[in-house]
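To start, the structure itself, in structure tokens.
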Amino acid sequence: MFRTMQLTSLIILLIIALLSSSPVQAGNVEDNLTYQGNKARITVGNIKDKASGCSWQDAEAIGEMLSTALANDPKFIVLASGEEVDELIDEINFGQSGYVEEGRGPEKGLMEGADILVTGAITSFEPNASGGGGFLGGIKDKAAGTIGVKSKKAKMQIDIKIIDIRTRRILKAKTVKAESKNWKVKMFGAGMVQDVALAGGLGAYSNEPMETAIRAALAKTLELISKEVPDEYYRYQGKGQYTKEYGATEQQSNTAGQTSGGQTQAAQSTAAPTPAPEPTKPAAEDMTLYTKYDFVPGNKVIFYDDLTDEEEGEFPYRWNLEKGVFEIARMGGEYWILCTDNGSIRPKLPIGPLPEKYTVELEFWSSGPDKTLPYYYIHWTDADGRIIGEFCAYGQKATFLSIKSKKLAGKEMPEKWSRGLHTMRIMATTRSIKCYVDNIRVANVPKVEGFEPAGFQVRARPYKDEDNPWLLKSFRFAEGGKSMRDQLEETGRIITHGILFAPNSYVIKGESFKTLKNIGQLLEEDQDLRLSIEGHTDSDGSEAHNSELSHNRSKAVVDYLIQKYGVSADRLEARGWGESKPLDTNNSTEGKANNRRVELVKL
């Protein structure tokens with residue numbers, strides 16, 4: 001028992017030390033900092049070893065890693081289980097035995113109870129799995145070896161059960177599979193799972209494909225738990241406050257929060273958009289750096305790939321391969337497109353003239369100022385697939401724009417590329433093409449005669465450096481619409497996708513500056529104009545959550561306009577419709593992107 005306690009304590013200390021000193025990937029940082037909802041109480045039970053090659057110590061270590069990863073997720077309160085609880089009970093009993101100074105020992109009846117138990121079994125554990133090596137399920141070492149990557153393969157599988165502790169009801173049972181065919185990339189390690197230390201004997205797999213498989217399986221398990229725990233279990237508000245009784249039904253959960261004293265407010269009507277508690281966080285990020293930023297994303301999404309539903313190690317299914325070596329990689333609990341050899345990919349779009357007004361956005365990874373950024377290109381192509389223009393970010397802090405083989409702009413960023421996520425943007429109209437990286441405009445050129453693009457390619461030029469990979473996070477192509485004034489005059493409402501928020505947050509992102517400025521100017525120019533600011537979401541998440549989130553986002557916009565432009569409060573209303581009024585299908589990434597919007601309705 002004593003040696004187990006020592007080992008557990010050592011593992012926890014090592015994990016905390018690593019997490020506190022490791023960089024965290026952008027998406028996880030935003031989730032951690034901006035999540036404002038209730039929490040669920042959860043505990044990790046016994047993870048059994050049911051696979052040859054996996055010892056009980058390995059299974060126990062994987063359980064420890066899962067518990068640590070859950071503790072770093074702001075949606076959960078993770079409680080001790082198993083031997084840890086026995087040790088706590090022994091200590092409490094000792095405190096009440098009369099041997100401890102009166103009033104100084106722990107008391108009985110103060111321990112928190114978990115609502116959810118996660119258990120499971122390792123059913124496949126293959127550090128040296130057989131099968132075709134290399135990238136893309138069959139490309140040999142010659143291609144993979146362009147950056148010294150080994151084509152060793154590893155697999156892991158966990159059967160996970162999510163259980164209601166009180167009723168013993170199994171809420172979800174699912175098999176989670178993960179495999180790695182790929183690389184040794186030291187920086188593949190950010191996020192709530194990726195930087196958790198390999199516990200116990202799992203350290204033997206450090207920097208091997210099996211480490212990647214373990215981390216990928218844990219990341220998928222964390223995502224499964226976060227997605228499948230029903231909304232009614234997210235009931236803890238802190239300071240003894242609960243939103244509802246334990247085990248309340250969905251209908252009961254529509255009532256306002258129950259406190260620990262058992263007092264309950266009346267239920268709200270569901271006939272209208274659901275009012276939500278007023279936001280207490282700042283309405284918006286600091287927009288000082290965006291005052292010269294005039295990018296506004298197009299209103300109709302034509303192509304959008306955030307790599308949803310991809311499979312690690314496979315070629316990205318929404319793209320066509322022109323040449324090179326590309327595959328889906330996992331970092332920070334998220335999917336990325338990794339390129340290990342010079343090449344190009346093309347979004348699966350019909351070839352044809354581009355809209356008169358359009359925008360393009362590409363998110364990419366930088367390994368930091370001590371590395372030279374690989375070349376990231378957005379290519380324009382003609383109807384025959386020939387490259388007729390290119391926008392590039394590369395080097396220490398360089399960018400350029402070239403059209404019809406003529407370099408039209410070449411501007412350096414103010415500082416070297418910082419480690420993390422960056423965004424290239426293009427905004428094209430009938431009069432000009434503007435290019436941006438993050439919040440900096442790096443090109444502004446008039447329309448080029450005879451420049452008639454019909455499609456796009458993304459080109460990669462990675463370096464032969466496993467610590468400095470070429471990684472693409474997302475690509476968005478959208479058609480520009482009518483001006484806000486024209487929309488308002490013609491339809492009485494404005495639809496915008498230019499007011500941006502992090503996932504599950506109602507804090508307005510700095511990139512929204514230009515859109516908000518345009519709205520503020522409309523209100524300043526027409527003092528009689530009154531607007532209902534209405535938030536809409538896609539169908540991901542529960543209806544109750546989406547309704548509350550959309551209301552809080554609308555309220556944040558109202559607060560910003562009042563504070564920034566001095567608009568009278570009686571000229572603005574905030575409403576949140578959640579997912580109840582979609583513009584498009586929720587069965588595609590493009591449809592969901594179109595449904596996530598803010599509308600301004602004339603009153």
Side-chain angles (χ1 to χ4, degrees), residues 36-37 227 231 250-251 253-254 256 267-279 283 296-304 306 308 476 478-509 512 515-516 518-519 522-523 529-561 571-603:
Q36 297 122 2
K227 179 180 178 181
D231 291 339
E250 185 66 27
Q251 181 177 3
S253 71
N254 287 330
Q268 297 174 342
S269 169
T270 58
T274 305
E278 297 303 315
V296 176
N299 283 333
K300 182 180 179 182
V301 179
I302 299 173
F303 179 88
Y304 178 55
D306 60 358
T308 300
R476 183 184 191 270
E479 183 176 0
K482 297 179 180 179
S483 69
M484 287 188 174
R485 173 63 66 185
D486 288 344
Q487 287 187 64
L488 198 62
E489 290 178 354
E490 292 180 15
T491 66
R493 69 176 59 227
I494 297 166
I495 298 174
T496 178
H497 295 84
I499 302 177
L500 306 177
F501 305 85
N504 293 315
S505 169
Y506 50 77
V507 178
I508 304 169
K509 298 183 75 171
S512 311
T515 299
L516 291 167
N518 291 343
I519 297 169
L522 273 179
L523 290 162
L529 179 61
R530 297 178 63 244
L531 293 174
S532 173
I533 311 296
E534 303 186 356
H536 300 263
T537 69
D538 59 29
S539 62
D540 290 348
S542 71
E543 291 185 16
H545 170 75
N546 288 337
S547 180
E548 179 177 340
L549 180 65
S550 61
H551 173 86
N552 284 342
R553 288 176 170 179
S554 300
K555 183 64 167 57
V557 175
V558 168
D559 289 346
Y560 180 87
L561 294 172
R571 296 176 60 195
L572 299 173
E573 296 180 3
R575 291 192 176 99
W577 293 101
E579 62 189 78
S580 64
K581 293 189 174 184
L583 279 180
D584 205 338
T585 178
N586 276 304
N587 295 324
S588 70
T589 53
E590 290 84 5
K592 289 181 179 180
N594 282 323
N595 289 333
R596 297 190 295 267
R597 68 197 189 278
V598 175
E599 294 192 10
L600 294 80
V601 181
K602 190 173 182 179
L603 294 172

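Bear in mind that the values here come from a model prediction, so they are computed numbers and not experimental data.
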Min side-chain heavy-atom separation [X]-[Y] under 4.5 Å:
X: Lys602; Y: Leu488; result: yes
X: Leu500; Y: Ile508; result: no
X: His497; Y: Asn594; result: yes
X: Leu531; Y: Leu561; result: no
X: Lys581; Y: Arg597; result: yes

Look up atom [atom1] in [X] and atom [atom2] in [Y], then write down how far apart they are to the nearest 0.5 Å.
X: Asp540; Y: His545; atom1: CG; atom2: NE2; value: 10.0 Å
X: Ser550; Y: Lys555; atom1: OG; atom2: NZ; value: 14.5 Å
X: His551; Y: Thr537; atom1: NE2; atom2: OG1; value: 14.0 Å
X: Asp559; Y: Asn552; atom1: CG; atom2: CG; value: 10.0 Å

Problem - Within 6.0 angstrom of Gln487 CD, more than 12 heavy atoms from elsewhere - result: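 Yes, CD of Gln487 has more than 12 neighbouring heavy atoms, counting only those of other groups under 6.0 Å.
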Treating [X] as the side-chain partner and [Y] as the backbone partner, does any N or O pair qualify as donor plus acceptor under 3.5 Å?
X: Glu590; Y: Phe303; answer: no
X: Ser547; Y: Ala544; answer: no
X: Asp584; Y: Lys592; answer: no
X: Arg571; Y: Leu523; answer: yes

Can you give me the closest heavy-atom contact between [X] and [Y], atom names plus distance?
X: Asp538; Y: Asn595; result: CA-CB, 4.3 Å
X: Thr308; Y: Asp306; result: OG1-OD1, 2.5 Å
X: Gly535; Y: Ser554; result: N-OG, 2.7 Å
X: Ala593; Y: Tyr304; result: CB-CD2, 3.9 Å
X: Lys509; Y: Phe501; result: CD-C, 3.7 Å
X: Ile499; Y: Thr515; result: CG1-CG2, 3.8 Å

Practice task
Please assess Leu522 against Leu600 for the test side-chain contact (heavy atoms from CB on, under 4.5 Å), listing each intermediate value before the final yes or no.
Solution key: CA-CA 11 Å; Leu522 273 179; Leu600 294 80; over 6 Å; no
Practice task
Check each of Arg493, Arg575, Glu573 against Ser532 using the side-chain hydrogen bond (donor to acceptor under 3.5 Å, both in side chains) test, and report the only one that passes.
Solution key: Arg575
Practice task
Could you walk me through whether Ile494 and Ile519 pass side-chain contact (heavy atoms from CB on, under 4.5 Å), step by step?
Solution key: CA-CA 10 Å; Ile494 297 166; Ile519 297 169; 5.9 Å; no
